[in-house]
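Here the structure comes first, spelled out in structure tokens, and everything after it is commentary.
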Amino acid sequence: MNNYDVKQEVTDKYSLRGRVFHKLREDILNGKYEEHEELKEVTIGEELGVSRTPVREAFRQLELEGLIQIIPNKGAYVTGITEKDVKDIYMIRSLLEGLCARWATEHITKEQLEEMEENVYLAKFHAAKGHMEQIAELDNRFHEILYEACNSKMLEHQLKDFHAYVLRVRRKTLANQVRGTASNEEHEKIMEAIKAHDADSAEKLAHQHMINAYENMVKNGLHEAYANKKLPSKPNA
């Protein structure tokens, strides 16, 4: 049995219900629970060391976020992120990342810019070696640096949430060295625009980067990743 005890996380800023919610949310997005898998209150409560009440409350919040579906008289089932959700997220991200890059031209620190430059350099090195796992990690970190550099906690929080939502499906469709190299080249152009304090170019490049990323996902298996997946049907009235 999992020995993870939510109650022991005394430094966590969230309530007990909040900690259960964030743990389950992370597990769903990281793929611990498969799509359409049933989540059982008793089992999860035992794994996390809590009663059924905070688990039930977390379920309600997860349903509001669209990550699970509670079917009366049947149970709670993981829905995760749908194919349409992925498209919606990337279209929204294309606008928000553009705004993020624009603001980063004004607020990026010397340290953040240096880390961004190092990130691009390392991604080039690993691309030449065909190290796809390292490229994926560096890709994630590039966007984190960009989010931090915009100097807006609201925008940073929203973008990090969207990034987490699609991370699992990105892993399914982005194991492609050609796209990894192209993505890093786009990162470099965004970085150079930010470095030059060219807000218009930074915004346009970051916007197009997200459009390119989504189109690549479609080309490399997004539809197939969601094919033939159905939730259990609701009981008859």
Excluding sequence neighbours, so at least two apart, what forms salt bridge (Lys or Arg N to Asp or Glu O under 4.0 Å) with [X]?
{"X": "Lys40", "value": "Glu38"}
{"X": "Glu188", "value": "Lys124"}
{"X": "Asp88", "value": "Lys84"}

Check: Ser201 side chain, Asp198 main-chain N or O, donor-acceptor pair, under 3.5 Å: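 No, because the side chain of Ser201 does not come within donor-acceptor range (under 3.5 Å) of the backbone of Asp198.
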Under the rule for side-chain hydrogen bond (donor to acceptor under 3.5 Å, both in side chains), what residues qualify as partners of [X], not counting sequence neighbours?
{"X": "Ser152", "answer": "none"}
{"X": "Glu186", "answer": "Arg179, His209, Asn212"}
{"X": "Lys160", "answer": "Glu156"}
{"X": "Thr53", "answer": "none"}

Suppose we screen for side-chain contact (heavy atoms from CB on, under 4.5 Å). Which residues come up paired with [X], at least two apart in sequence or across chains?
{"X": "Gln112", "result": "Ile108, Thr109, Ile145, Glu148, Ala149"}
{"X": "Glu118", "result": "Leu122"}
{"X": "Glu137", "result": "Glu133"}
{"X": "His107", "result": "Trp103, Asn151"}

Results of ring-ring contact (aromatic ring centres under 6.0 Å, His included) for Phe142 - residues two or more places apart only: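 Once residues adjacent in sequence are excluded, the partners of Phe142 under the ring-ring contact (aromatic ring centres under 6.0 Å, His included) criterion are His187.
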